[in-house]
Amino acid sequence: MVSPVGTSIQRSSIRPLLDLSDAAIHGNFEERDPTILLPNQSDDISHLSLDIGGSLIKLIYFSRHEDFLVNDKRNKSSPILGGRLHFIKFETHKINECLEFIRSKQLHIGDGDNAVIKVTGGGAYKFADLFKEKLGVSIEKEDEIDCLVTGANFLLQAIRHEAFTHREGHKEFVQIDHNELYPYLLVNIGSGVSMMKVDGDRKFQRVNGTNVGGGTYWGLGKLLTKCNSFDELLELSQKGDSRSVDMLVGDIYGGLDYSKIGLSAATIASSFGKVISEDKEIEDYRPEDISLSLLRMISYNIGQISYLTALQLGIKRIFFGGYFIRGHAYTMDTISFAIQFWSKGGAEAMFLRHEGFLGALGAFMSNNKHGLDHLMVHQLVERFPMGAPYTGGKIHGPALGNLSEKISWMEKFVQKGTQITDPVPMASPRTTGLGGFEAPSSKGDILRSDESNLNVGVLHLVPSLEVFPLLANPKSYEPNTIDLADPNELEYWFTVLSEHLPDLVDKAVASEGGTDDARRRGDAFARAFSAHLARLMEEPAAYGKLGLANLLELREECLREFNFFDAYRTIKQRENEASLAVLPDLLLELDSMNEETRLLTLIEGVLAANIFDWGSSACVDLYHKGTIIEIYRMSRKKMQRPWRVDDFDAFRERMGFGAHKRALLFVDNSGADVILGMLPLARELLRRGTEVVLVANSLPALNDVTAVELPKIVAEAAKHCDILRGAAEAGGLLVDAMNNILEVSRQKLPSTPLMVVGNGCGSPCIDLRQVSSDLAAVAKDADLVILEGMGRALHTNYNARFKCDTLKLAMVKNQRLAEKLIKGNIYDCVCRYEPLR
Ligand SMILES: Nc1ncnc2c1ncn2[C@@H]1O[C@H](COP(=O)(O)OP(=O)(O)O)[C@@H](O)[C@H]1O
Ligand SMILES: CC(C)(COP(=O)(O)O)[C@@H](O)C(=O)NCCC(=O)O
Ligand SMILES: [Mn+2]
């Protein structure tokens, strides 16, 4: 039998924050940079790898947390240690900043024996002595091409929304099945360009390359425009009109197309060719136009060589990496256009979110200590923290040391916030949108400062996560019901979440005693979350495919980032107490009913009590109008059938002819929702001989009940109910009572067990591709799944199908969702039963 409440259920999959309490200098005080020991900081940083290229240094480091060191009993076979992968970059000519960053975060002093770090790129040779001298570490060199391919293969297999196409300003994620991935052409556009034919894991060949690459654009651009940074140059290009320097077909043909060979008048005949015939000095040309012409020249050229190489090898798929791309819409559109133009649609250009980090990732993985190559997509969670200390958000360190510095960073960030999140004025269609090969027209052509680091997040490696085994089609499963790629949806939810923010900040600050420190953290949280929202409004696909569940989770993550671990703590307690007080009466009332009426009353009860949702503004307004019990009664009274979605009769029928063996009850909110709604339903199932597993969040989110809180709640409820007491004892929830039983009455038959398990997440929604191994284990014997609440049953999983009977129960507490999803109104209810046929 499954261990009912394994100690591991309360394991958190969420990153810890720096704990500076009792910090002390370790070792020699005379040293210039003594090690500071953080006895209460369990983060264990190890595994550093670098890719030192001609232009940029890409750094990846791995930080581990104690939690993850506890090897999961069901995962013994996995050598992977949990932790987080951070991605940072520096300019190569500022290598000292990189060394300083490594030193300040002590990245080179990993787990004892690693005074050796993995480095790829030319800098592994060039700077080996410098690393030895400055940091006392030896460099282990890894082959650059090898690393690029390993990195690309890893990303394409392990990260869900890594690859995408980019056409005319439109980004679309593509998920390629592992079996269909090879062969592909990998084109890495760094300072120079390398092209590899990739046939499999470690099976590749460098087939081509060109010296006209990112270095050429930046080098020539710097010379011709006097720009001081790559980004400045790229930004200029967005306001450029390359016709003032480029010679077009029309310039040669007197404004006409050269239609015989299919070239329009607007096609570039010769990049920079117009300059020849004009009696002008460099100052007479706009730097904007020069930058754009250069960018097009180089992008088209790389596109063309890539296409020819792919053609020669019979390859259809081309992935582009390297920092030249820099997530820049116009660059990607230009390359895509060139591939599409030359191949007449036969080949396709794809880009990678971690474009610049392929080599560094490969170097990281060559360190076979962590067994990362076996990591699966469901074991990776990407999070987007704000602020430099954990992401190395700023391109050049320094690393921030503690939360307070991080808050200051946030405060400064806000002053710069507009620069970071505001769009650079769009190129007008008349300029960027014309010319070339009938021209890519990149809408939303935005270049944002890299400082915000809001493109790739921190990758959390959580080896204990698993795919929920009862999903009918894990491959096609999509958790989100609402796709925020639809701009109207995005705008609506953006407004809802923005308007809810002040109230949430107040609750969060109050939960931490309302101190000045809490207020400062609260403000920083609000800024961080608003910056994310602004970023996503601009570019919804910036962090991968965006659904409502991701936004709701992001909010919880931001709270935790600023040390708010349970914003609704007090509210939850208050509602729990009020609900426990009326539970005995409710149980008496239920017991006086016959089985059929009781089942209906129980389901009504679940739906009615789901009204206690502090995430819904409409409900929060309601709570000002009455006590918990008054609102509960009012809600119960309104529970007239038929509900908007009403499969109750089918459910009742199924319940009539034999109990299920084990039911998983995905519970939602604290207070009435779980105590007066779900617990009585659990009790009914237990009474019918069905084992019940209450599946709750592993970490707090809004007023959701957690797996840590539930045993205490069940224990309280069990005081008033023999069924619950017996079941909780049998499930190991009442440990003291369990001991008594062992001593007193061994012969007594054990009741059907009631168990509690953490789902592995800390969000109001649930992505069933990534659940705790404990949940996965208990699910194997389950034949009934009950999903409750708007987050778990509507925003996510409404359309999910399972390998067993499923009941989805929720009250719709949002007017727009009610209209869209069920063609109904706010406070309508959903009772969706999907039997396994
Ligand atoms: N902040 C930046 N500073 C310098 N170059 C940048 C920057 N961002 C993007 N680039 C572009 O990226 C290229 C370097 O790409 P990268 O993949 O890091 O190659 P390498 O390993 O050769 O340094 C540069 O030549 C330039 O075109
Ligand atoms: C965050 C929630 C999904 C939580 O709902 P629950 O799962 O608790 O039923 C829900 O409160 C929600 O969608 N709120 C935003 C909509 C609104 O304020 O109207
Ligand atoms: Mn909830």
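As the structure lists them, so they are numbered: ligands from 1, and atoms in each ligand from 1.
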Is there a polar contact, in the sense of an N or O pair closer than 3.5 Å, between [X] and ligand 1?
X: Gly192; value: no
X: Asp231; value: no
X: Gly322; value: no
X: Arg326; value: no
X: Asn188; value: no

Could you give me the CA-CA distance, side-chain angles and deciding distance for Asp704 and Lys572, then say whether salt bridge (Lys or Arg N to Asp or Glu O under 4.0 Å) is met? CA-CA 8 Å; Asp704 291 352; Lys572 292 198 291 185; over 6 Å; no
Check Thr334, Ile290, Leu234 against Leu295 for a side chain to side chain contact (heavy atoms under 4.5 Å, CB included) and give me the one that passes.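 Per the side chain to side chain contact (heavy atoms under 4.5 Å, CB included) rule, the option paired with Leu295 is Leu234, out of Thr334, Ile290, Leu234.
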Numbered atoms and elements of ligand 1 in range of Gly54, under 4.0 angstrom, heavy atoms: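 This gives 20 (P), 22 (O), 23 (O) as the contact atoms.
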Record the part of Tyr323 in heavy-atom contact with ligand 1 below 4.0 Å; permitted values are side chain, backbone, both and neither.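 Both backbone and side chain.
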Please work out, at 4.0 Å between heavy atoms, whether the side chain, the backbone, both, or neither of Lys89 comes within that distance of ligand 1.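 For Lys89, no heavy atom sits under 4.0 Å from ligand 1.
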Option nearest atom 7 (C) of ligand 1 (shortest heavy-atom distance, choices Phe90, Phe230, Tyr217):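 The option holding the nearest heavy atom is Phe230.
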Candidates Asn797, Asn759, Asn697 - the one meeting side-chain hydrogen bond (donor to acceptor under 3.5 Å, both in side chains) with Arg792: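 Among the candidates, only Asn697 passes.
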Go through it in stages, so that I can follow the logic: the residues are Val757 and Leu694, the test is side chain to side chain contact (heavy atoms under 4.5 Å, CB included), and I'd like the CA-CA distance, side-chain angles, deciding distance and then a yes or no. CA-CA 6 Å; Val757 99; Leu694 300 174; over 6 Å; no
Check residues 816-823 and write down every donor-acceptor pair under 3.5 Å in which the side-chain atom is one partner and the other belongs to a residue at least two apart or another chain.
from   : atom 1 : to     : atom 2 : distance (Å)
Arg816 : NH2    : Glu489 : OE2    : 3.2
Glu819 : OE2    : Gln815 : NE2    : 2.7
Lys820 : NZ     : Glu489 : OE2    : 2.9

Quick one: do Lys89 and Ile57 satisfy side chain to side chain contact (heavy atoms under 4.5 Å, CB included)? Show the steps, please. CA-CA 5 Å; Lys89 66 177 188 285; Ile57 301 174; over 6 Å; no
Could you pull out the N/O/S protein atoms under 2.8 Å of the Mn ion (ligand 3), ignoring any water?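 The answer, once waters are left aside, is Asp668 OD1, Asn669 OD1, Asp704 OD1.
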Indicate yes or no: does Arg560 engage Glu557 in a salt bridge with an N to O separation below 4.0 Å.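 Between Glu557 and Arg560 there is a salt bridge, with a charged N closer than 4.0 Å to a carboxylate O.
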Counting only N and O atoms by type, is there a donor-acceptor contact under 3.5 Å from the side chain of [X] to the main-chain atoms of [Y]?
X: Glu556; Y: Pro764; value: no
X: Asn610; Y: Met811; value: yes
X: Glu232; Y: Asn228; value: yes

Aromatic Tyr827 / basic Lys638 pairing, under 6.0 angstrom, 45° off normal: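 No, cation not above the ring by the 6.0 Å, 45° rule.
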Strictly by modelled atom types, are Arg296 and Ser271 linked by a side-chain donor-acceptor pair under 3.5 Å?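 Note: Arg296 and Ser271 side chains miss the donor-acceptor criterion.
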List the residues meeting ring-ring contact (aromatic ring centres under 6.0 Å, His included) with Phe666, not counting sequence neighbours, and say none if there are none.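 In terms of ring-ring contact (aromatic ring centres under 6.0 Å, His included), with neighbours along the sequence ignored, Phe666 is linked to Phe468.
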What does the N/O contact table under 3.5 Å look like for ligand 2?
from     : atom 1 : to     : atom 2 : distance (Å)
ligand 2 : 5 (O)  : Asp613 : OD2    : 3.0
ligand 2 : 7 (O)  : Asp668 : OD2    : 3.0
ligand 2 : 7 (O)  : Met790 : N      : 3.3
ligand 2 : 7 (O)  : Gly791 : N      : 2.7
ligand 2 : 8 (O)  : Asp668 : OD1    : 3.1
ligand 2 : 8 (O)  : Asp668 : OD2    : 2.8
ligand 2 : 8 (O)  : Asn669 : OD1    : 2.9
ligand 2 : 8 (O)  : Asn669 : ND2    : 3.1
ligand 2 : 9 (O)  : Asp668 : OD2    : 2.9
ligand 2 : 9 (O)  : Met790 : N      : 2.8
ligand 2 : 9 (O)  : Lys813 : NZ     : 2.5
ligand 2 : 11 (O) : Asp613 : OD1    : 3.0
ligand 2 : 11 (O) : Asp613 : OD2    : 2.6
ligand 2 : 11 (O) : Gly615 : O      : 3.4
ligand 2 : 11 (O) : Ser616 : N      : 3.2
ligand 2 : 13 (O) : His795 : NE2    : 2.6
ligand 2 : 14 (N) : Gly615 : O      : 2.9
ligand 2 : 18 (O) : Gly615 : O      : 3.3
ligand 2 : 18 (O) : Ser617 : N      : 3.0
ligand 2 : 18 (O) : Ser617 : OG     : 3.0
ligand 2 : 19 (O) : Asn814 : ND2    : 2.7

Is it true that Gly215 lies under 4.0 Å from ligand 1, counting heavy atoms only?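 For ligand 1, residue contact (heavy atoms, under 4.0 Å) with Gly215 is present.
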Angle between ring planes, Tyr623 versus Phe612, binned at 30° and 60°: parallel, tilted or perpendicular?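 Judged by the thresholds at 30° and 60°, the geometry between Tyr623 and Phe612 is parallel.
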